[in-house]
Structures are given as structure tokens and as C-alpha cells.
Amino acid sequence: MFWPLLALALLLLFDYLFTPGFFRLELRGGNLYGSRIDVLNQGARVMLVSLGMTLVIATGGVDLSVGTVMALAGTVAARLLVVDGYGFIAAVSGALGIALLAGAWNGVLVAYFNIQPIIATLILMVAGRGVAQLVSDGQIINFNDASMVFLGNGHFFRLPFTLTIVLFVFVGMWALTRQTAVGLFIEAVGDNPVASRYAGVNARLVTFLAYLLTGLCSGLAGLVASSNIKSADANHIGLYLELDAILAVVVGGTALTGGRFYLVNSLVGALLIQTLTTTMYARNISADIAPMPKALVIIAVCLLQSEKARRYLNQRFTRHQSAALPAITPSRAQP
Amino acid sequence: MDKAPLLEIRGLEKSFPGVQALQGVDFTVGRGEIHALMGENGAGKSTLIKVLTGVYNRDGGESRFEGRSIRPRSPREAEEAGISTVYQEVNLIPHLSVAENICLGRQTTRLGFVRWHAIRKRAEKALHRLDLTLDTSRQLSSCSVAIQQMVALARALDTSAKLLILDEPTSSLDEREVAELFKVMRKLRGEGMSIVFVTHFLGQVYQVCDRITVLRSGKHVGEYATAQLPRMELIARMIGKDVTEIEKMSRSRDRQPAPLSAQPFLQVTNYGRKGSVCPMDLAVRPGEVVALAGLLGSGRTETAKLIFGADQADSGEIDIEGRPVTIRSPRDALRYRIAFTTEDRKVDGIIPNLSVRENIVLALQASRGPWARMRRPEQNALAGRFIKALDIKTPGPEQPIKNLSGGNQQKVLLGRWLATEPKLFILDEPTRGIDVGAKAEIEKLIDALRKQGMAILFISSELEEVVRASQRVVVLRDGQKIGELTGDEISEQTIMRTIAAPTTDSEAVHPAQL
Amino acid sequence: MKKLDPKYIPLFATAIVMLALYAGGCLAYPNFGSLRVFINLLGDNAFIGVAAMGATFVIISGGIDLSVGSAIAFTSILIAQLLGHHWPPAGAFALTLLIGLAYGTVQGALIHLFALPAFLVTLGGMFFLRGLSFVLSPESLAIKHPFYLQTVRTMAIPITQRPFVTFPLTAQCFVVVTIIAAIIAGYTRFGRNIYAIGSSESSAILMGVPVGQTKIGIYALAGFFSALSGCVATFYMQSGNPASFVGLELDAIASVAIGGTLLTGGVGFVPGTAMGVIILGLIQTLITFQGNLNSWWTRIAAGVLLLLFITLQKVVGSKRH
């Protein structure tokens with residue numbers, strides 16, 4: 001919890017000093033605007049996705065298809081509204097339905113067919129965009145349904161409505177994992193799947209559930225993302241978002257090997273990532289280039305968390321202190 | 001020996017975090033001799049071997065091989081120096097061919113390209129030294145364990161090794177295969193090779209070894225000529241007690257089997273699984289400890305997993321308290337109040353990063369389902385109760401279980417299952433790798449649980465322990481039940497004799513070949 | 001006594017699928033069976049084939065490389081820029097391949113030395129190279145160097161005069177790289193070590209296989225092949241584009257899996273991968289011939305095929321035990 005907050009504070013300090021206008025807040029039409037509000041609003045989708053991703057990573061897996069699921073949900077909603085002429089409720093239900101289906105698909109492949117998570121979700125990551133193209137017939141669908149637009153642009157208590165969605169999902173997620181034993185089971189399965197199965201935990205169901213929930217979160221994020229720009233573009237909604245989400249979760253301290261997970265920390269991590277993104281945009285770094293520095297950050301963070309890297313550092317350090325210490329090959333030093 | 005020894009180790013030191021695995025160990029192997037390295041679990045045998053073969057780095061000490069000081073940093077360097085190893089579990093590459101497994105890493109090449117024909121020839125030659133003809137293009141995983149063991153041996157021979165280390169090579173071989181192996185060992189000794197032989201089986205030491213070195217808790221106890229060290233003396237040196245004490249220990253005690261009329265809690269009939277367990281009958285009554293005895297690979301663990309539903313049976317019936325049921329997963333077993341602590345705590349027992357409390361609560365919570373979460377006070381009370389009752393030494397219930405010692409981890413796992421109030425408790429090697437004090441406590445606990453009327457299925461490699469703990473012993477070999485001993489029949493000798501008895505049906509197919 | 005080794009079953013399935021698709025195409029469309037269509041199939045998919053060879057090694061070793069698509073896009077734009085700045089083609093290719101090798105080595109080092117998961121490192125690589133491509137040029141760049149306008153065409157080997165069919169440079173690259181990859185996999189210690197590591201890394205260590213060296217080498221090789229694939233792609237595209245080849249890693253991985261390589265490592269076939277590439281190409285050609293199908297179906301078909309073959313591997317694998 002401490003490190004991501006510190007990093008966030010440092011980044012904000014940097015922006016305060018060097019990025020002009022980053023800290024300006026305006027009250028327009030009774031609502032707040034400004035870079036920091038942008039971070040919250042744009043960050044909503046990263047926060048939503050990383051909430052789901054936290055659970056998947058805690059089971060020891062990963063979901064590479066989150067961006068694609070966002071695109072699927074966005075295009076399905078837009079299509080239902082514009083092409084098929086359904087109402088808002090039907091559009092949202094349809095979008096979330098397809099997102100749940102996508103999550104269930106991943107979940108079944110990983111939990112019941114034992115396909116490695118990377119491969120299973122990679123299939124949907126790539127093939128899913130093809131499906132989204134089919135749904136939108138290769139077109140960018142613009143919409144102006146008031147409720148749909150409100151999702152990503154509306155305000156609630158002067159703050160973007162998206163934050164309300166995030167809060168709602170977070171509370172739901174927290175209740176589902178921490179007020180039931182699902183959270184304990186997820187951590188157990190992620191930490192040691194065989195032992196958990198032997199202890200009677202329904203490892204498959206738990207894993208399935210994690211992917212299902214991630215699908216739902218991605219679907220919501222997709223609705224928010226397409227609502228933001230009042231259109232659905234199957235090629236671009238959620239592009240590269242899987243990296244942001246994984247990054248947010250890892251920065252938040254949930255290990256990629258699975259086990260303990262921290263929902264709040266993932267939210268902080270997501271805010272950190274979004275601040276990074278917004279800072280880059282504010283400093284005129286294009287959206288296309290932005291993934292590059294982020295990739296460096298995620299590798300750096302993982303290096304810091306990697307036990308091997310730490311041990312190298314420690315060894316360096318201790319060797320300076322006492323040169324007499326014998327060299328131990330780190331990977332094999334197990335009795 | 002008038003010549004200088006082949007291998008001479010002086011004052012070897014090696015420690016792991018929290019454990020001093022080797023303390024000033026000396027070890028000498030002469031030329032052309034078979035030298036047994038003996039000691040109980042945790043004596044430091046495998047650490048010594050791994051240091052010798054470059055898998056671990058040593059902390060201190062000196063080793064000379066053929067008069068030169070050596071310090072291999074990898075198995076490859078050790079091989080180049082002339083030290084080859086065959087490990088207990090076959091450490092070969094399952095997907096590659098026999099020939100390639102023998103030559104991997106040192107294939108014959110011309111201009112950097114592998115010459116397959118030459119490799120097959122080499123492999124055939126190496127196998128021939130072992131009096132084995134085999135299609136060397138076969139995939140290794142399609143061979144039986146005994147053959148794989150021989151391939152590993154052939155690989156070691158292919159390096160023109162001067163010292164061959166055999167780390168428990170016989171634990172998964174049957175009698176005939178062991179005899180075959182001994183023949184090969186004697187032949188190699190005749191060719192001037194030295195062999196270090198690590199084994200649990202005393203009889204084998206006296207059959208084939210010239211000298212014996214005994215280690216105990218990381219220390220060198222002594223080196224003896226086999227002929228001058230009676231068996232009882234050897235045992236005494238290994239466990240650090242004197243002979244009269246052992247005789248007192250092995251005296252039989254009260255072992256009243258539960259009355260046969262009592263309805264078995266568990267009754268399996270013709271229960272089996274292709275490739276691991278031949279169909280067998282087995283019953284466990286309340287208030288009775290039934291032990292599964294047999295060598296490693298005889299199907300003890302497999303039988304336990306089958307009953308617990310971790311593996312699925314493909315034949316036979318299972319009755320719980322007289323009613324037929326199906327158990328297809330551990331969750332089913334849990335529902336019928338069956339508990340199971342596994343052989344390998346680290347791999348399939350503990351959830352390392354979760355706390356002691358969470359590890360204790362897990363199975364009970366699993367049996368209640370994900371939605372009926374136990375409240376925190378209830379969890380704390382449960383954890384507290386078992387930490388106290390089982391005397392688990394931990395700084396607190398929130399300590400990650402990985403920080404506990406092996407014995408305490410085992411107690412946490414026992415607590416995890418006792419919390420579910422089981423009626424049948426399957427214990428697979430519950431005392432493996434834990435210190436003597438904790439061992440005794442666990443044995444005492446088993447006896448107490450039995451007296452409370454629990455049915456217990458007990459698995460241990462240590463016959464001594466089996467004899468002490470059980471009312472009935474089911475003897476297994478090659479995944480088959482080959483005998484059952486009750487009451488006064490139970491002794492180490494009778495169990496050994498049952499295992500060693502010739503098969504009535506000598507053509508019986510090894511289940512691994514099915 | 002010699003029964004078919006179960007590890008070859010997926011390979012046979014691949015061959016059958018390939019022949020069936022081809023036969024089906026020939027029956028359905030009159031021109032499908034022509035030599036030109038087949039040559040085009042090889043030529044157009046050559047760059048995928050080259051990249052898939054790198055992916056084959058990575059997957060046999062039990063790893064994964066997700067950076068393939070970005071690496072190709074990066075190389076293509078790098079070459080376009082270098083040639084635009086009047087570098088000689090040979091120099092541009094050499095530098096590009098060197099960079100590919102270097103970046104692969106870095107990925108391998110991160111994976112091996114710091115025990116980071118391969119998917120994470122190569123996912124990072126995927127985004128890094130994609131971003132870097134846009135740094136080099138935000139837009140697609142046409143390559144107008146005479147080497148591309150003329151030499152590439154003249155290097156094609158004529159096969160038949162009437163109709164005039166040539167074997168293009170791209171297809172030649174595909175064939176040559178496949179042969180080289182097959183030799184590496186089957187006839188070098190390095191190649192055999194890759195199989196050993198993929199099958200059982202712990203055994204490989206105890207058997208004295210230089211695991212670290214080999215693992216880093218695998219990713220270096222994959223980086224090299226990705227860069228080479230980028231070069232081949234420029235022959236075919238006559239341009240460099242930072243936004244191109246998104247999702248190509250799935251095509252590469254799918255080709256490898258369809259070719260009978262176990263995604264869990266230890267078993268794999270270079271010729272199988274070549275067949276996998278051809279199968280994906282056949283599907284694409286069929287969709288083109290069909291005319292009114294959206295090109296996005298190709299992606300979906302790749303995903304479905306990958307899934308089918310993984311399932312086949314699971315079934316075969318579980319039967320073996």
C-alpha cells in the first residue's frame with residue numbers, strides 16, 4: 001500500500017512542478033473539470049478492469065483479453081442502440097451479457113479444460129476483435145442516447161459518474177470476496193492449487209468465477225470507454241488496456257504468481273498508471289507512443305518485486321560489506 | 001587399499017537458511033569399491049551428494065579426486081572430472097529418445113552438427129555394458145521405470161566416469177530388477193570403477209557393498225568395512241542409540257485389532273485404477289489403525305489418493321458405513337468425513353503464503369462452501385484451539401505457514417483436518433522429514449485419535465513406525481495387495497518377508513506397463 | 001510392434017487438415033488449384049512463417065513470445081527509415097537483424113536471470129516495440145529504394161514460362177529459413193537442449209545442459225527471426241508501417257500449435273509449423289476466394305483452429321497416461 005501511494009505522490013509532485021496546468025481545477029456548469037478530474041474519469045476504465053484482473057492474477061492466471069472484451073461490449077451496446085433500435089436497458093444488458101459470456105468462455109477454457117491462461121485468453125484477445133468487427137460490420141458506430149452518454153460523461157455529486165460506477169463495482173467485489181470465503185479460496189488456489197484441491201476447495205469453480213467477474217468488469221469498462229467518445233470503434237476500444245491493468249495490479253502488490261490479492265491497492269495502482277498516461281498526454285506524448293515508457297515501468301516494477309533480482313542486489317550489497325561470504329547459486333539453494 | 005583413495009573429502013560444510021546440513025563431514029572412497037553411504041532421513045546424504053556433483057556450492061571443506069583438488073560448480077563440471085550420478089527419481093528427459101537421453105549435452109557432432117547414427121551406436125554400446133538391448137529410438141517416457149533407471153545408468157557410464165553415485169536407485173525396483181542392478185554394479189567394480197551407493201535397505205548394503213560410511217544429522221559417524229559391522233550395530237550408528245535400546249524398542253506391544261464384527265467405516269471392494277492400483281479390497285474400522293506397507297512405488301500413496309478421490313477409480317465399489325457411495329473428488333471425500341494429509345507437505349499440503357489460521361480453517365470452510373464464510377472470531381477460536389492442542393510452535397496465528405518448521409507445518413495440516421472432525425483419517429508419511437520430538441508427538445496423537453474411535457489409514461516407509469502404530473498391516477507391491485497381517489503377525493521381519501515373497505503368479509503384469 | 005508414437009498424432013492431423021483444405025478449395029473454386037495461387041500463398045505468408053520458426057523454438061522450450069507482431073512492425077518501419085536516409089539495403093538489413101538479436105537477448109536475460117514470467121517480459125516487449133515504432137514514424141512509410149522496386153522482383157526464380165509464374169524472394173526466404181530452423185532443431189546441441197529444457201528443466205540442469213545460456217539463446221534467436229520476418233515483410237508490403245501486424249503473435253503461436261508443437265513444451269516440429277502457416281494461409285485464401293466474407297473471419301478462424309489443436313493435444317496427452 002505504501003509504495004504505490006508514494007509513487008503516486010512523487011508523480012503528482014512532478015506534475016505540480018513541471019507540467020503546467022495539471023493542477024488547475026475548474027467549475028463548469030456546477031461540475032469539476034481539470035487534469036486531475038481527467039485522471040479519475042479516464043482512470044475509471046483502468047480501475048474497473050484492474051479490479052477484475054486482480055482476482056484473475058490472484059488465481060495464478062492472467063487475462064489478456066480484457067481490452068477485446070471492452071471492445072465487444074462497446075460495439076454490442078452501440079449496435080443494439082443504433083442499428084437494431086433497442087433502448088438503453090436492453091443495450092447495456094446485451095453488452096454485459098456478452099462480456100459475461102466472454103468471461104465464462106475464458107473461465108471454462110482455463111478452469112475446466114486446463115489450457116494455460118495466456119493462451120486461452122490470447123485466443124479471445126485476437127479472435128474477439130474479429131467478432132467485434134463482425135458485430136459492428138467494420139463500421140465505427142456513433143450514438144447519442146442520453147443515458148448511454150451519461151455513463152461516461154455524466155456527473156454525480158460534481159464528480160464524474162464513472163467514479164460512482166467504480167465505487168459500486170469495488171464495493172460489490174469486496175463484499176463478494178471478503179464477506180464470503182471466495183477471497184480466501186482464490187488466494188489458496190493461487191498460492192497452491194493442488195493443496196487447495198486436496199483441502200476440498202472447488203478450485204475450478206473459484207478460477208472460473210475470477211474470469212467471469214473479470215469479463216463483467218471489462219464489459220462495464222467497455223461501456224464507459226465507448227460512452228466517453230460517444231461511439232464504438234471495434235479496433236480501438238480498450239487497445240493496450242491489458243498492459244495497464246496488469247501493471248496496476250502488480251504495482252498494487254498482487255504477485256503475478258498468484259496468492260494474496262489487494263483490491264484497494266490495485267485501485268491505487270490504476271490511478272498511478274492513469275496519472276502516468278495523463279502526464280504523458282499533457283506533455284504531448286502521443287497515445288501511440290505511450291505504451292513504450294509504460295512497458296519499461298512494468299518491467300522495472302516486476303524486477304523490484306522479483307526475489308531473484310532482490311537477491312542479486314542484496315548479494316552485491318553484502319559482498320561489499322564482507323568479501324568473505326561464499327557465493328551461493330541463488331536458484332538452487334534449497335535443502 | 002595401498003593406492004591413494006579415488007575420492008577424499010575433508011571437513012565439508014554446508015548450511016541452508018536455518019539448517020546446518022553438513023558439519024565437517026569426511027568421506028573417502030577407494031578405487032574399485034562399492035561404498036555405501038548410510039543415514040536416516042535428514043542425515044545429510046543427499047546434500048553431500050549434491051555438493052559432490054556441483055548442484056550445491058559448499059561453504060567449506062576440501063575434496064580431492066584422483067589426488068587433485070576439485071570443486072565442481074555444476075553437474076557438467078563434475079561429469080567432466082569423472083563423477084556421474086544416477087538420482088533417486090529418474091532425472092531424464094521424458095519426451096526424448098533413449099539414445100538422446102544417454103548422450104544429451106555431449107552428442108557426437110561433426111562441424112557442429114549432431115550425428116544421430118553415431119549417437120545410437122554409442123547408446124547401444126553403453127546399454128550393452130549393462131547387458132541390455134533396447135530400441136534406442138524409443139521415447140523414454142514409454143519405458144518402464146526400471147528401464148529408465150538403466151538408461152540413467154547407461155548415461156552415467158557413457159561419460160567414462162571413474163566414480164558412479166547411485167542415489168537410492170532401488171527404491172522403485174522389484175527384486176529381480178534389483179538383482180539385475182547388483183550384477184551390473186559388481187561388473188563395473190570389476191572394471192575398476194568405484195561406486196557410491198545410497199540406500200534405505202540394509203539388506204542390500206550387505207549384499208553388495210564393501211565399505212560403509214554412516215552419517216547422522218549432518219555429521220560423520222564413522223567408516224567401516226561391511227564384514228566387520230553387524231547389522232544391529234549399523235542401525236545403532238545410524239540412529240545414535242545403543243543396541244540394547246533398539247531391542248527394547250522393537251518389542252511388540254498391545255495391539256488388539258478392532259473387533260471384526262464392528263462395521264467398517266470404509267470398505268472398498270475390487271477398487272482400482274488402470275496403471276497405478278490393481279483392483280483390491282480394503283476395510284478400515286472405527287478405532288483401528290490400518291497401515292499400508294510396501295516399498296516406494298508399491299502403490300501406497302496411489303491407493304490413498306484413490307480412496308480420497310484425488311485420483312478417480314475405474315473399477316470397484318466403495319462403501320461408507322455400509323452404504324455404497326461414489327467419491328470422485330476430494331470434496332466428495334470431505335463430505336463423507338474423510339481426511340487426508342499428503343506425503344509431500346510442500347507440494348500438496350501447505351498453502352505457503354497464507355497464515356496458520358487460514359491454513360487451519362481452509363478445509364472446514366471448504367466443506368461449508370464459499371458462501372457461508374466463518375466469521376473472524378470463529379476462525380480465531382478454531383486456530384487458537386489447535387495451536388494449543390497440538391502445541392504448534394508459531395509466533396502467532398497470523399504467521400505465514402511457510403515460516404514454520406516442518407514438524408509444525410505438519411501439525412497445522414493435522415489441525416486443518418481435525419477441524420473437520422473426520423471419521424477416517426488417511427495419513428501419508430506424516431512423520432517424514434520432521435525432527436524426532438515432533439515425530440513422537442504425532443505418533444502419540446495418532447494413537448489418541450484411534451482410541452477416540454477414529455478410523456485411520458496410515459502410510460509410512462519406516463517399518464518400525466508401521467509396527468508401532470498399527471493394528472493391521474496391508475502389504476502392497478507393484479500396485480497390488482499381496483498380504484494382510486494382523487495382531488502378533490505384525491513385525492518388521494514378517495512385513496519384509498511378505499514384500500520379498502515370490503509372486504504366486506510370476507507372470508503378473510506390472511501395472512505401469514498397462 | 002512399431003506403433004505410431006502418440007506425439008506424432010497432432011502432426012498427422014495437421015497434414016490431413018492441410019490436404020483437406022487444399023482439396024476442398026480446389027473442388028470449390030476452379031482457379032484455386034493453380035500453381036500461381038499456391039506460390040502466392042507461400043509468398044504472402046512467408047513473413048509469418050519466418051516469425052513462426054522463432055516462436056516454435058520459444059514454445060518448445062516451454063516459453064512464449066508475445067512481441068512478434070510489434071517486432072515485425074518495428075523492423076519494417078526501421079528499414080523504411082534507414083533506406084529513406086540513404087542507407088544501403090545490406091547495411092539496413094544487417095543493423096535491423098542485429099537489433100532484433102539484441103532485443104531478443106535482453107528479453108531472454110530478463111526471463112532467465114530474474115525469473116520473470118516470459119509472457120510478462122514479452123508483453124512488455126510487445127508494447128515497448130510498438131511505442132518505439134511510432135517514435136520512428138507515426139505514419140506508414142513507402143519504400144522507394146531501387147532494391148525494392150527492381151531487385152526484389154528480379155530475384156524471383158522463374159518456374160514456368162506460360163503462364164509466367166515465378167518463385168518470389170519472400171517464398172525463398174520462407175523455404176530457406178524453414179530448412180535452417182529444422183537443422184537447428186534436429187541437428188545441433190543447442191536445438192536438442194531446447195527440447196530438453198521444455199520437457200523437464202530440472203532434469204536438464206542435473207544432466208548438465210547449460211540451461212541459462214540456452215534459454216537466453218532461444219529468445220535471442222526468436223528476436224533475430226522476428227527481425228528477419230520484418231525484412232521479409234517489407235519485400236511483400238513495399239512499405240513500413242508502425243501500426244501493422246497487430247495480433248500477429250496469435251498467428252505465429254497458432255501456426256506452431258497447429259503444427260503439432262506442445263504448448264507446454266518438450267515436443268515440437270519445425271515442418272509442422274510450416275504446415276501450420278500454410279493452413280492459416282489456405283484459410284485466408286479461401287476467404288478471399290469466397291469474396292463476400294469479412295477479412296476479420298481470418299482472425300476468428302485462427303483462434304478457432306488454435307483452440308481445436310490445443311484440445312487435440314489435451315486429448316492425445318491424456319490418453320498417453
Side-chain angles (χ1 to χ4, degrees), chain A residues 62 64 68 105 109 113-120 122-135 137-138 234-235 239-240 242-244 246-247 250 256-257 285-300 302-303 305-312 330-332, chain C residues 59 64 66-67 69-70 106-107 110 112-135 138 202 205 211-212 242-243 246-251 253-254 257 263-264 294-307 310-311 313-314 318:
Chain A
V62 72
L64 297 180
T68 298
W105 163 268
L109 290 187
F113 291 151
N114 300 322
I115 297 177
Q116 303 110 289
I118 303 160
I119 303 289
L122 186 71
I123 294 175
L124 191 60
M125 175 188 183
V126 179
R129 284 214 187 259
V131 177
Q133 288 283 350
L134 292 179
V135 169
D137 207 17
N235 265 336
L239 197 61
Y240 306 145
E242 48 280 358
L243 183 73
D244 282 0
I246 295 173
L247 186 48
V250 172
L256 275 169
T257 43
I285 295 173
S286 89
D288 287 323
I289 297 177
M292 188 177 79
K294 276 194 226 163
L296 292 180
V297 172
I298 189 169
I299 299 291
C302 290
L303 275 180
Q305 289 185 350
S306 140
E307 262 182 51
K308 259 191 157 177
R310 279 188 195 172
R311 230 175 307 179
Y312 277 120
S331 62
R332 299 180 196 142
Chain C
I59 292 174
I64 194 156
L66 299 177
S67 68
S70 298
V106 171
Q107 289 200 61
L110 284 171
H112 174 69
L113 296 180
F114 300 106
L116 295 183
F119 94 87
L120 182 87
V121 170
T122 57
L123 188 71
M126 166 177 167
F127 288 104
F128 181 81
L129 290 176
R130 185 63 71 184
L132 203 58
S133 313
F134 280 100
V135 172
S202 55
I205 292 173
V211 170
V246 173
L248 198 99
E249 49 281 347
L250 182 80
D251 288 349
I253 294 169
L263 286 172
T264 43
N294 193 309
S295 69
W296 280 96
W297 277 105
T298 328
R299 275 280 119 81
I300 300 172
V304 171
L305 263 185
L306 175 56
L307 189 64
I310 293 172
T311 317
Q313 289 176 1
K314 293 265 168 215
S318 64

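Letters A, B, ... mirror the listed sequences (proteins, then strands); counts begin at 1. Only this structure's heavy atoms are used, side chains among them; waters, hydrogens and symmetry mates stay out.
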Select one option (side chain, backbone, both, neither) describing which atoms of [X] are under 4.5 Å from chain C's heavy atoms.
X        : result
A/Tyr240 : both
A/Val62  : side chain
A/Leu109 : side chain
A/Leu64  : side chain

Roughly how far, to the nearest 0.5 Å, is [atom2] of [Y] from [atom1] of [X]?
X        : Y        : atom1 : atom2 : answer
C/Ile253 : A/Ile119 : CD1   : CD1   : 5.0 Å
A/Phe113 : C/Leu307 : CZ    : CG    : 8.0 Å
A/Ile118 : C/Leu123 : CD1   : CG    : 9.5 Å

Consider side-chain contact (heavy atoms from CB on, under 4.5 Å). Of A/Val126, A/Ile123, A/Val131, which one does C/Ile300 pass it with?
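Testing each of A/Val126, A/Ile123, A/Val131 against C/Ile300, the sole residue satisfying side-chain contact (heavy atoms from CB on, under 4.5 Å) is A/Val131.
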Per-residue contact mode, [X] against chain A (heavy atom under 4.5 angstrom):
X        : result
C/Ala115 : both
C/Leu263 : both
C/Thr298 : neither
C/Ile64  : side chain
C/Leu66  : side chain

Write down the atom of [X], the atom of [Y], and the distance for their closest heavy-atom approach.
X        : Y        : value
A/Ala295 : C/Gly124 : CB-O, 3.2 Å
C/Gly303 : A/Ala127 : CA-CB, 4.3 Å
C/Gly131 : A/Met292 : CA-CB, 3.9 Å

Apply side-chain contact (heavy atoms from CB on, under 4.5 Å) to A/Leu256 and C/Leu116, showing your working.
CA-CA 9 Å; A/Leu256 275 169; C/Leu116 295 183; over 6 Å; no
Heavy-atom distance under 4.5 Å between the side chains of C/Pro242 and A/Asp288, does that happen here?
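SC-SC contact between C/Pro242 and A/Asp288 ruled out.
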Indicate yes or no: at least one non-hydrogen side-chain atom of C/Lys314 is less than 4.5 angstrom from one of A/Ile115.
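In short, these two side chains touch, coming nearer than 4.5 Å.
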I'd like to know which of A/Leu247, A/Ile299, A/Leu134 tops the heavy-atom pair count under 4.5 Å against chain C.
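Result: the option with the highest number of such pairs is A/Leu134.
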